[in-house]
Amino acid sequence: MDATTITLNNGLPMPLLGLGVWQVNSDAEAERVVRMAIDAGYRSIDTAKIYGNERGVGNAIRACGVPRDQLFITTKVWNDDIRRGTVSEAFTESLGRLRLDYVDLYLVHWAIPGKITSTWRAMETLQRSGRTKSIGVSNHLRPHLDELVPAAEIVPAVNQIELHPYLQSRALVDHCRDQKIQIEAWSPLMKGRDLLTDPLLVQIARAHARTVAQVVLRWEVQSRIVTIPKSVHRERIIENAAIFDFTLTDAQMAQIDALDKNTRIGADPLHVAF
Ligand code: NDP
């Protein structure tokens, strides 16, 4: 393990930084941005069936020249398939669109009431088939995990949740750490909204001659949280990856820890209406 990687609870490595591709709205655009990111040094890509761009991601993976075993590819099963009980079929279709033999991580996109344990059984079967190296969840809060984990034979490797300095979910993060479930931050830049003009973050960024986005992403990886910022712009893709050559002081980490406002910008995982 090096400074850019964490080890999951099954012993497999996962890059601390990846590229998110939600709202990269065509396969051609996804192919372009994933190629740019891999050229910039990214080795992890986060897609999902619902993003509608798995084909483009797969095209970039095949064209990029980096061996498959040096890349970490995540996709997710969507809620309709969870409700229908067609997790296995959805997985096979995702692999087909990606044109890959396996993914590194397959995630349950949202916790659907009444389906949590049956979905996890199907996920466990997929991991045992070897077609996904690891399985995990997304948007699972404490009540969801309290239902899933006692019934699980394989503890989720990852829980991907909305997380940024204004939504730190400390109790959930601590609980996942106790369970050896790796936290992965979605919307890690809070979608580029007011977080990026926060006066304290601006001041810390100036002190390091960095951008606020870099400080936020650095705070995440320095907290051992996997982060997957999305950008379609080459300069920002490069900027967001330049976070492993500086260190926030303990005092700066504590100051950012104190910014939590419990401000959620995405959907509340306890009320999934889609
Ligand atoms: P992010 O917090 O990554 O923010 C992305 C936005 O910030 C884009 O508008 C981007 O603009 C802008 N941006 C990126 N870098 C910079 C920068 N350096 N300076 C200023 N602005 C910047 O939000 P996302 O919601 O996209 O989250 C990231 C990923 O997380 C998603 O792509 C997806 O993979 C995953 N996700 C998962 C969810 C889940 O339910 N599991 C839900 C939501 C996201 P531009 O592209 O124009 O550069």
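Start at 1 and go down the list; that is how both ligands and their atoms are numbered. Because only heavy atoms are used, hydrogens play no part in the values below, and waters and symmetry mates are left out as well, while side chains stay in.
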Check: Ala213 N/O within less than 3.5 Å of ligand 1 N/O: no
Distance-only N or O hit between ligand 1 and Leu196, under 3.5 Å: no
Report the nearest protein non-hydrogen atom to [atom]: residue, atom name, distance rounded to 0.1 Å.
atom	result
atom 15 (N) of ligand 1	Asn240 ND2, 3.0 Å
atom 34 (O) of ligand 1	Asp46 OD2, 2.7 Å
atom 33 (C) of ligand 1	Tyr51 OH, 3.4 Å
atom 2 (O) of ligand 1	Leu189 N, 2.8 Å
atom 4 (O) of ligand 1	Lys191 CA, 3.2 Å
atom 36 (N) of ligand 1	Trp186 CB, 3.3 Å
atom 29 (C) of ligand 1	Ile228 O, 3.2 Å
atom 32 (O) of ligand 1	Trp22 N, 3.0 Å

Exercise: do Glu184 and Thr227 side chains pair donor with acceptor under 3.5 Å: no
Do the charged groups of [X] and [Y] touch, with an N to O distance under 4.0 Å?
X	Y	value
Arg121	Glu124	yes
Asp46	Lys76	yes
Arg128	Glu153	yes
Arg142	Asp146	yes
Arg43	Asp104	no
Arg131	Asp101	no

Residue-ligand contact Thr211/ligand 1, heavy atom below 4.0 Å: no
Heavy atom of Gly266, distance to ligand 1 below 4.0 Å: no
Option with minimal heavy-atom separation from atom 41 (N) of ligand 1, where the choices are Gln160, Gln23, Arg236, His233: Gln160
Nearest candidate to atom 40 (O) of ligand 1, where distance is taken over non-hydrogen atoms, out of Asn139, Val24, Leu19: Asn139
Partner of His109 under ring pair (Phe, Tyr, Trp, His ring centres under 6.0 Å), chosen from Trp22, Phe274, Trp78, Trp186: Trp78
NZ or CZ of Lys133 within 45° of Tyr102 ring axis and under 6.0 Å: yes
Under 4.0 Å, heavy-atom basis, I'd like to know which part of [X] is in contact with ligand 1: side chain, backbone, both or neither.
X	result
Lys230	both
Leu107	neither
Ser187	both
Ser231	both
Glu162	neither
Pro188	both

Going by the order shown, which atoms of ligand 1 are within less than 4.0 Å of some heavy atom of [X]?
X	answer
Pro229	3 (O)
Trp110	40 (O)
Met190	2 (O)
Gly192	7 (O)
His109	39 (C), 40 (O), 41 (N)

Stepwise side chain to side chain donor-acceptor pair (under 3.5 Å) test for His208 and Gln252: CA-CA 11 Å; His208 288 275; Gln252 290 165 339; 2.8 Å; yes
Same apolar cluster (I L V M F W Y, side chains within < 4.5 Å links), Leu12/Leu107: no
Partner of Tyr166 under side-chain hydrogen bond (donor to acceptor under 3.5 Å, both in side chains), chosen from Asp194, Asp198, Asp260, Asn262: Asp198
Nearest-0.5 Å distance, CG of residue Leu195 to CG of residue Leu259: 8.0 Å
Approximate separation, where rounding is to 0.5 Å, of Leu71 CG and Cys64 SG: 5.0 Å
Option among Leu95, Val77, Val87, Val103 that satisfies the side-chain contact (heavy atoms from CB on, under 4.5 Å) test with Leu126: Val87
